[in-house]
Amino acid sequence: MKNISLNIDKALGAVTKEQVYAQEAKANECIATLHNGNGAGNDFLGWLHLPSSITDAELTDIENTANVLRSKCEVVVAIGIGGSYLGTKAVVEALNNSFDWLQSDRKNPVVLYAGQNIGEDYLYELCEVLKGKQFGLINISKSGTTTEPALAFRMLKKQLEDAVGKEEAKHRIVAITDAKRGALRTLADQEGYKTFIIPDNVGGRFSVLTPVGLLPIAVAGISIRDLVAGAVSLEKATGIEVPFAENLSAIYAATRNELYKSGKKIEILANFHPKLHYIGEWWKQLYGESEGKDGKGIFPASVDLTTDLHSMGQWIQEGERIIFETVISVEEPTHKVIVPTDEANLDGLNFLAGKRVDDVNKMAELGTQLAHVDGGVPNIKITMPEVNAYYIGQLFYFFEKACGISGYMLGVNPFDQPGVEAYKKNMFALLNKPGYEKESEAIRKKL
Ligand SMILES: O=P(O)(O)OC[C@H]1O[C@H](O)[C@H](O)[C@@H](O)[C@@H]1O
């Protein structure tokens, strides 16, 4: 098996290699703080050795539960938001057929999502589409109290019970939540659902390799063993004993922090492989919630290329020079498509005939990198040999480890997210939630 790799050569210019490598001692200190568990947020370090500590029995339990849902359901709705949703969606979108819902000879249930928004039309249309279908629910919430998924579950649970009866519904609902706390724990225990636990010391955005991600990913028919194996290999490759120069996560963390200090306030994660769109969404939560605090932090953005070169390309090339780009480059696509010859050649594309579509894409990628670097956008490149579960597992752990190191280098607690509560407090006050009387009164004065 190959490994994902990192190349910072084209990021050098705004910062020098010496500047990045001068961060070696600091990075090593941050790695030691993570491994010794003596830094800020040290009660949320469960992700650090998570891949290597997942047991065969745990994977089998998840696979068996997935198989029950797979045998009973055409559609499984994964209910969750943030870290309880993005990792699953990233893997399923990357590995499923791009036109999955149109495939007639299906081997796997369709995985749909709910509770990741409060869109009334979204919920209406979801409930409509589920009518007459055999469906199941995986309700995922670390805290067990998040409004969006709770609201969606309330509706979908009722619909499922009305369709198949309360008893059968119990066999089609799985809850993934805290071991003891939260409304979802109480509900699951009372109803007698099969449950999986999200460890206390694993925060939502680091939870993709717990049952939070593993169960719905297994339901989609994707090998969770390969995903975990990939993560295990990167856990080893970024371990405390690995020298700085060989530790991808440390180099990435040091480079992005040096770029930040040089005035590059926005990092754009780019892909040239449309199926990686949600890897970008997952990454944005990981870095946004981990670093955006205390008035600091790189703003994580993402683009799909070449698609967005026709919309955001102008800004990236010539807008304010406060950005750098991190490109996820896929070495080898899964399929081969050759550009055909056309006798009339009215589109003038015969010069491409006989080439693979990926040859064109790769030259677009290289041309973009050179243009952006020329335009003052430093470029970090992460290469994935191919898009499969193993390399996605590597990518997840690579980014998680780098995020922990990077947050400590920045001087923040990378494992909390106090700012997320502000909107919730206002929303509850505006909705007159019991217990929010004072806040309701105060907020009305601002309207
Ligand atoms: O899994 P839950 O507890 O429902 O949380 C879901 C998400 O929402 C919260 O507000 C946090 O900001 C996220 O870090 C979390 O992933």
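Counting convention: from 1, in listed order, for ligands and their atoms alike. Keep in mind that this is a model prediction, so the values were computed, not measured.
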Which pairs of donor and acceptor atoms, one on a side chain in residues 202-209, lie under 3.5 Å apart (sequence neighbours left out)?
from: R205; atom 1: NE; to: S290; atom 2: OG; distance (Å): 2.8
from: R205; atom 1: NH1; to: E289; atom 2: OE1; distance (Å): 3.0
from: R205; atom 1: NH1; to: Q417; atom 2: OE1; distance (Å): 2.6
from: R205; atom 1: NH2; to: P414; atom 2: O; distance (Å): 2.8
from: R205; atom 1: NH2; to: D416; atom 2: O; distance (Å): 3.0
from: S207; atom 1: OG; to: G83; atom 2: O; distance (Å): 3.4
from: S207; atom 1: OG; to: G204; atom 2: O; distance (Å): 2.6

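Closest heavy-atom approach to atom 10 (O) of ligand 1 within the set Q417, K424, E148, K142: this belongs to K424. Nearest residue to atom 15 (C) of ligand 1 from Q285, Q116, R205 is Q285 (criterion: closest heavy atom).
Not one N or O of G204 is nearer than 3.5 Å to an N or O of ligand 1, by distance alone. At least one N or O atom of S141 sits closer than 3.5 Å to an N or O atom of ligand 1.
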Inset, instruction - Please step through salt bridge (Lys or Arg N to Asp or Glu O under 4.0 Å) for the pair K194 and D61, ending with a clear verdict. - result: CA-CA 11 Å; K194 164 82 180 164; D61 188 16; 3.0 Å; yes
Inset, instruction - Using the salt bridge (Lys or Arg N to Asp or Glu O under 4.0 Å) rule, take K2 and E332 through it: C-alpha gap first, then chi angles, then the decisive distance, then the call. - result: CA-CA 12 Å; K2 294 184 188 172; E332 187 59 37; over 6 Å; no
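The six-membered or imidazole ring of W283 lies near that of Y287, with a centre-to-centre distance under 6.0 Å.
Below 4.0 Å from some heavy atom of S84 lie the following atoms of ligand 1, by number and element: 1 (O), 2 (P). Those atoms of ligand 1 with a heavy atom of V420 less than 4.0 angstrom away are 10 (O), 12 (O). Proximity to S143 (heavy-atom distance under 4.0 Å) selects the following atoms of ligand 1: 2 (P), 3 (O), 4 (O). Residue G82 has at least one heavy-atom neighbour below 4.0 Å for each of these atoms of ligand 1: 16 (O).
A cation-pi contact, defined as under 6.0 Å to the ring centre and within 45° of the axis, links K265 to Y260. Taking the ring centre of Y252 as origin, the terminal cationic atom of R256 falls inside the region bounded by 6.0 Å and 45° from the ring axis.
Shortest contact from atom 5 (O) of ligand 1 to any protein heavy atom: T146 OG1, 3.5 Å. Protein heavy atom closest to atom 16 (O) of ligand 1, with residue, atom name and distance, is G83 N, 2.8 Å. Of the protein's non-hydrogen atoms, E289 OE2, 2.6 Å is the one closest to atom 12 (O) of ligand 1. At the shortest separation from atom 6 (C) of ligand 1 among protein heavy atoms lies I81 O, 3.2 Å.
Dense packing is recorded around CZ of R106, with more than 12 heavy atoms of other residues, nucleotides or ligands lying under 6.0 Å away. R154 CZ: 12 or fewer foreign heavy atoms inside a 6.0 Å radius. No more than 12 heavy atoms of other residues, nucleotides or ligands sit less than 6.0 Å from atom CZ of F99.
Residue contacts with ligand 1 do not include E421, since none of its heavy atoms lies under 4.0 Å from the ligand.
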